[in-house]
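Read through the structure below, which is laid out as C-alpha cells, and then see the notes.
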Amino acid sequence: MMRLNIRAFQTQIPTAPLWLGLAGVLPFFWGAMSAWNPAIALPIAEWLGPGFVGRSLQLTYGAVILSFMSGVLWGFACKAPKQNAPLFFGLSVLPALWAAFFLASRAPMQLAALIGGFLVLFGLDVLFFRQGLTPDWWLKLRALLTTLVVICLALAA
C-alpha cells in the first residue's frame with residue numbers, strides 16, 4: 001500500500017488555485033446535470049449546440065483538461081534531477097495521449113475511460129509529489145478536484 005507523507009494534507013491550498021480549480025469543475029458539473037435532466041439542457045443546446053451539454057461536453061472538456069494537466073506535469077518534470085528527467089517527461093505526456101486515444105476511439109465506454117484517465121492522472125500527481133516536484137499543497141488540491149470530477153463523470157455515465 002502506498003504511504004503518503006502527512007504534509008500532503010496539512011498545507012493550505014492558496015486561494016487562487018483553489019477557486020480557479022473549483023471553477024474548472026463547473027463544466028463537469030453542468031455536463032452531469034444536463035445529462036441527468038435533458039430538459040434543463042435544451043435552451044443551452046439550442047443556443048450553443050449539443051456539444052455544450054451532457055456527455056459531449058464532459059468528453060470534450062475532459063480531454064482538454066487531461067491535456068492541460070499533461071502540460072502542468074511537464075512543467076514539474078523540468079524540476080526533476082537530470083538522470084530522472086526523461087522518465088518524468090515521458091510520464092507527463094500520458095494524460096494527453098490517454099485523452100486523445102479514448103476521445104478518438106468513439107468506444108462505448110468513453111466516460112469510463114475518461115474516469116480512468118483522471119485516476120491515472122492522480123496517480124501521477126502522487127508520484128510527482130513524492131519526488132518533491134510539486135508544491136506542498138498540490139496533492140491536497142488534486143485530491144479534491146479529482147474526486148469532484150470523477151463524481152461528475154460517473155453521474156453522466
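Just so you know, these numbers use all the heavy atoms, side chains as well, and skip hydrogens, waters and symmetry mates.
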Notebook entry, point to check: Are V93 and L133 connected in a single hydrophobic cluster, I mean Ile/Leu/Val/Met/Phe/Trp/Tyr linked by side-chain heavy atoms less than 4.5 Å apart?
Noted result: no

Checklist line | Minimal non-hydrogen separation, A63 against L103, with atom names | finding: CB-CD2, 3.7 Å

Note to self: Between Q12 (side chain only) and W137 (backbone N and O only), is there a donor and an acceptor less than 3.5 Å apart?
What the structure shows: no

Notebook entry, point to check: Nearest heavy-atom pair of L59 and L114: which atoms, and what distance?
Noted result: CA-CD2, 4.0 Å

Margin query: For residues W74 and L141: do they belong to one hydrophobic cluster (side chain heavy atoms under 4.5 Å, members Ile, Leu, Val, Met, Phe, Trp, Tyr)?
Written below: no

Check: Should V149 and L144 be counted in the same cluster of Ile, Leu, Val, Met, Phe, Trp and Tyr side chains packed under 4.5 Å apart?
Finding: yes

Check: Closest heavy-atom contact between L121 and L66?
Finding: CD2-CD2, 3.9 Å

Item checked: Any donor-acceptor pair under 3.5 Å from W98 side chain to F118 backbone -> no

Next item on the list: Kindly compute the distance separating CG (D136) from OG1 (T134), expressed to the nearest 0.5 Å.
Entry: 7.5 Å

Checklist line | Atom of R55, atom of L111 and distance for their closest heavy-atom approach | finding: CG-CD1, 3.7 Å

Notebook entry, point to check: Do L155 and F29 pass the side chain to side chain contact (heavy atoms under 4.5 Å, CB included) test, and can you show the C-alpha distance, the side-chain angles, and the key distance before you say yes or no?
Noted result: CA-CA 9 Å; L155 287 173; F29 180 75; over 6 Å; no

Note to self: With rounding to the nearest 0.5 angstrom, report the CD1 to CZ distance, I13 to R142.
What the structure shows: 10.5 Å

Next item on the list: Indicate the atoms forming the closest heavy-atom contact of L145 with L22, along with that distance.
Entry: CD2-N, 3.8 Å

Notebook entry, point to check: If you take all heavy atoms of D125 and M69, which pair is closest and at what distance?
Noted result: OD1-CE, 4.5 Å

Margin query: Among F76, F122, F128, which residue satisfies the ring pair (Phe, Tyr, Trp, His ring centres under 6.0 Å) criterion with W138?
Written below: F76

Check: Do any N or O atoms from the side chain of T60 and from the backbone of L57 form a donor-acceptor pair under 3.5 angstrom?
Finding: no

Check: Rounded to the nearest 0.5 Å, what separation is found between the CG atom of L20 and the OG1 atom of T15?
Finding: 10.5 Å

Check: Would L139 and R130 satisfy side chain to side chain contact (heavy atoms under 4.5 Å, CB included), going step by step from the backbone distance to the final call?
Finding: CA-CA 10 Å; L139 203 56; R130 291 184 71 183; over 6 Å; no

Item checked: L87 with L97, same ILVMFWY side-chain cluster at under 4.5 Å -> no

Margin query: Can you tell me if F89 has over 12 outside heavy atoms packed within less than 6.0 Å of its CZ?
Written below: yes

Notebook entry, point to check: When hydrophobic residues are tied together by side-chain contacts of less than 4.5 Å, even through go-betweens, does F101 share a cluster with M109?
Noted result: no

Next item on the list: Check for a donor-acceptor pair, side chain of Q58 on one end and backbone N or O of C152 on the other, with a separation under 3.5 Å.
Entry: yes

